[in-house]
Amino acid sequence: MARPWISTNLAISADGKISSVEKIPAKWTSEADHQRLHALRKDADALMVGRATWQKDRMTMGAPGNPLRCIVSRSGGLDASHPIFSEPGGAIHLLVTGNPEATAPEGVTVHHGDLTTFLDELATRWHVKHLHCEGGGELIR
């Protein structure tokens, strides 16, 4: 089975640079931006984001159809008080690429390994055909 088709969406500043999580969390410049985000998520079987972006922007990754919500982190260690754990949505999957002993809050499926293997697993085990990645830039690279 082939890996999922991947689409991406990033917040870009007026000077053409990717929004940095070291600065302030992403803000909606308009309702049209917010609607566009949801339109991009609409047909995805899974959404993916890097941990720093997820944490800084307080992302719950909700979307029509409740796609899988995937977070990629070197270390794991998700904060159980994050709003993703109290908002409805698809199953939460955490890919930990660095810490083999990482755990996560109850209800999170933890995967250990690399992104390539995880993409294969999303396709074969979870039947993901379209993965929508929302950053950050390091994850997309």
Side-chain angles (χ1 to χ4, degrees), residues 1-14 16-141:
M1 180 176 279
R3 289 189 189 133
W5 180 78
I6 301 171
S7 58
T8 62
N9 182 44
L10 296 167
I12 305 292
S13 63
K17 294 182 180 172
I18 296 172
S19 175
S20 171
V21 296
E22 286 77 35
K23 297 178 184 172
I24 60 169
K27 304 280 187 217
W28 300 113
T29 57
S30 68
E31 182 57 29
D33 278 351
H34 198 204
Q35 289 175 1
R36 177 72 176 142
L37 170 77
H38 285 283
L40 291 168
R41 290 178 174 180
K42 183 177 148 242
D43 296 322
D45 302 307
L47 305 173
M48 181 179 284
V49 68
R51 180 176 179 231
T53 299
W54 168 80
Q55 187 171 312
K56 186 75 169 185
D57 287 349
R58 311 286 293 161
M59 297 174 77
T60 60
M61 301 165 70
N66 292 325
L68 300 178
R69 298 178 287 176
C70 304
I71 303 161
V72 179
S73 173
R74 283 188 199 94
S75 61
L78 303 182
D79 177 3
S81 69
H82 188 284
I84 197 170
F85 300 113
S86 59
E87 293 291 323
I92 301 168
H93 291 258
L94 169 64
L95 170 61
V96 181
T97 61
N99 179 1
E101 298 177 16
T103 59
E106 187 176 331
V108 175
T109 302
V110 179
H111 307 262
H112 294 276
D114 60 49
L115 188 57
T116 301
T117 303
F118 184 60
L119 291 174
D120 289 338
E121 185 175 352
L122 285 175
T124 56
R125 184 169 180 200
W126 303 98
H127 310 289
V128 171
K129 292 183 174 75
H130 175 194
L131 170 67
H132 184 67
C133 184
E134 296 183 344
E138 188 174 334
L139 174 65
I140 291 174
R141 178 187 53 85

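Note that the structure is a prediction, hence the values are computed from the model and not measured.
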**Student:** Would you call I92 and I71 a side-chain contact if the rule is heavy atoms closer than 4.5 Å?
**Tutor:** yes
**Student:** With distance as the sole test, does D45 use its side chain to make a donor-acceptor pair with the main-chain N or O of H130 at under 3.5 Å?
**Tutor:** yes
**Student:** Please report the closest heavy-atom contact between P83 and R58, naming both atoms and the distance.
**Tutor:**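 Taking P83 first and R58 second, the nearest heavy atoms are CD-NH2, 3.0 Å.
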**Student:** Check the orientation of H82 and W54. Use parallel for under 30°, tilted for 30 to 60°, and perpendicular for over 60°.
**Tutor:**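 H82 and W54: parallel rings.
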**Student:** Show your reasoning for whether side chain to side chain contact (heavy atoms under 4.5 Å, CB included) applies to L94 and H111.
**Tutor:** CA-CA 6 Å; L94 169 64; H111 307 262; 5.9 Å; no
**Student:** Please check if the number of heavy atoms outside E138 that lie under 6.0 Å from its CD is greater than 12.
**Tutor:**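 Not buried by this count: 12 neighbours or fewer within 6.0 Å.
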**Student:** Of all the heavy-atom pairs spanning T60 and I84, show the shortest one and how long it is.
**Tutor:** O-CG1, 3.5 Å
**Student:** Looking at every heavy atom in both L47 and M61, which two are closest together, and how far apart are they?
**Tutor:**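 Residues L47 and M61, closest heavy atoms: CD1-O, 3.2 Å.
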**Student:** Does G90 offer a backbone N or O that forms a donor-acceptor pair with the side chain of R69 under 3.5 Å?
**Tutor:** yes
**Student:** Could you check whether any side-chain heavy atom of H132 comes within less than 4.5 Å of a side-chain heavy atom of L40, counting everything from C-beta outward?
**Tutor:** yes
**Student:** For the residue pair L122 and C70, what are the closest heavy atoms and their distance?
**Tutor:** CD2-SG, 4.1 Å
**Student:** Return the minimal non-hydrogen interatomic distance between F118 and L95, and the atom names on each side.
**Tutor:** CB-CD2, 3.7 Å
**Student:** Taking the side chain as every heavy atom from C-beta outward, state whether E121 and W126 have any atom pair closer than 4.5 Å.
**Tutor:**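 The answer is yes, as the side chains (C-beta and beyond) meet within the 4.5 Å cut-off.
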**Student:** Backbone N or O of T116 within a donor-acceptor pair of the D114 side chain at under 3.5 Å?
**Tutor:** yes
**Student:** Measure across S73 and R51 and return the closest heavy-atom pair with its distance rounded to 0.1 Å.
**Tutor:** OG-CD, 3.2 Å
